[in-house]
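Sequence lines set the chain letters: A, B, ... in the order given, protein chains first and strands last, and positions in each chain run from 1.
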Number of protein chains: 2
Amino acid sequence: MNSLKQIDRGALSDALDHSGQRTTPQRETVFSVLLDERDHPTADEVYTRTKSRMPSISMATVYNCLETLVSCGLVKQVNIEREPTRYCPNLAPHAHFHCRDTGRVYDVPVPAGMMKDLAKVLPGEYSADSVELVFRGHLSKGKKQ
Amino acid sequence: MNSLKQIDRGALSDALDHSGQRTTPQRETVFSVLLDERDHPTADEVYTRTKSRMPSISMATVYNCLETLVSCGLVKQVNIEREPTRYCPNLAPHAHFHCRDTGRVYDVPVPAGMMKDLAKVLPGEYSADSVELVFRGHLSKGKKQ
DNA sequence: AATTTGATTTAGAATAATTCTAAACTAGGT
DNA sequence: ACCTAGTTTAGAATTATTCTAAATCAAATT
């Protein structure tokens, strides 16, 4: 059908079921687009890529599908500096690096438990359920363009 | 004149001079608004507050002044989750906490050098000039509303 | 297999924050 | 006092995203 592997298809319908939502071809295709090219695409980029696999899909549906995938926990939104929201299917705790030259966003692996440990700087009255760490700067030449 | 203290007025005109920009009443007033109530106001909130001190100011000018203050290093933009940009005159390294209940943003002091140390998780080819750390969650009751 | 029903998709309109435009004004040097 | 480039201003334009309401569809039930 679409390019979703059996294992991802299963993860998707489980997650959708689990949150009381339906499996649809549009959701499968959008999810497959995110899994196939993990470069933090914007909704617009997801739309273009999805349209090449499913020409009838609409922008509104892409937004709806992305929101659904976020709500059922399979995808995370990445927001950098008021730029258009990007979407990331990497669920492991990680930081982001935003290149000032290309605008690209890279996942940065972090030591196990580090993200959680960061929350220890919070005074007692704060309780954090999400921790975001974003670096901005430049890449030395040689790195994947 | 406006409510800028002499010391802040000096810092402002120095910073403006230093970046080749002019001191204007609008810039002074916007700066004083940011210094007087450090609750991370949005441009719209800055506009309302500034208008009460200088009724003739326009929204476009508020945006211009904020951009100028950012460009000369006196103010930092704080972006949380695609919400309207907020403005923060706290230049010391610090993290932010975003309350899911009220939407308020709080400065979180961090141990000296911590923000810089975080960049050590970056592989060698990345060089960061800015590090952002944002927590989201809830405040236990009792904390300043 | 047909029916039903609420969820989903869709095109296009609406919204909201921000940026742009170009004309009027002004800070600060001469 | 005069110039001139920088600044302010109102309103239009832009852009990402959300909303609307009608058509379609997934999947539970018969």
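Note: OH (B:Y63) to C1' (D:dT7) measures 18 Å, nearest angstrom.
If you find the closest nucleotide of DNA chain C to A:C65 and to A:R22, the one lying nearer the 5' end belongs to A:R22. Comparing B:Q21 and B:D44 along DNA chain C, the residue whose closest nucleotide (by nearest heavy atom) sits nearer the 5' end is B:D44. The residue among B:V62 and B:R82 whose nearest nucleotide of DNA chain D is located toward the 5' end is B:V62.
A salt bridge is absent between A:K5 and A:D36; no separation between the charged side-chain nitrogens and carboxylate oxygens falls under 4.0 Å. Looking at B:D39 and B:R49, a side-chain N of the basic residue comes within less than 4.0 Å of a carboxylate O on the acidic one, giving a salt bridge. In this structure, B:D14 does not pair ionically with B:R9, as no charged nitrogen and carboxylate oxygen lie closer than 4.0 Å.
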Could you check B:Q26 against B:M54 for side chain to side chain contact (heavy atoms under 4.5 Å, CB included), going step by step and ending with a plain yes or no? CA-CA 8 Å; B:Q26 288 87 345; B:M54 179 183 266; 3.8 Å; yes
Might you work through the side-chain hydrogen bond (donor to acceptor under 3.5 Å, both in side chains) test for B:H94 and B:H96, ending with a clear yes or no? CA-CA 7 Å; B:H94 62 281; B:H96 289 112; 3.0 Å; yes
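Side chains of A:S130 and B:F135 form no contact here, defined as non-hydrogen atoms less than 4.5 Å apart.
A 4.0 Å heavy-atom criterion places the boundary nucleotides of DNA chain C facing chain A at C:dG6 to C:dT18, written 5' to 3'.
No engagement by A:T68 is indicated, since no non-hydrogen atom pair under 4.0 Å with the nucleic acid exists. Here A:T23 lies in heavy-atom contact (under 4.0 Å) with sugar-phosphate atoms only.
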Identify each donor-acceptor pair in which a side-chain atom of residues 84-92 of chain B lies under 3.5 Å from a protein atom, sequence neighbours left out, and give them as a table.
from  : atom 1 : to     : atom 2 : distance (Å)
B:T85 : OG1    : B:N79  : OD1    : 2.7
B:R86 : NH1    : B:H40  : O      : 3.4
B:R86 : NH2    : B:E83  : OE1    : 3.1
B:R86 : NH2    : B:G103 : O      : 3.3
B:N90 : OD1    : B:A92  : N      : 3.0
B:N90 : ND2    : B:D107 : OD2    : 2.8

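An end-to-end axis angle of 30° holds for the helix from C:dA1-D:dT30 to C:dT30-D:dA1, taken from five base pairs per end and rounded to 10°.
In terms of phosphate contacts, B:S58 brings no side-chain nitrogen or oxygen within less than 4.0 Å of OP1 or OP2 of D:dT8.
Nearest heavy-atom pair across B:L139 and B:D101 is N-OD2, 4.5 Å.
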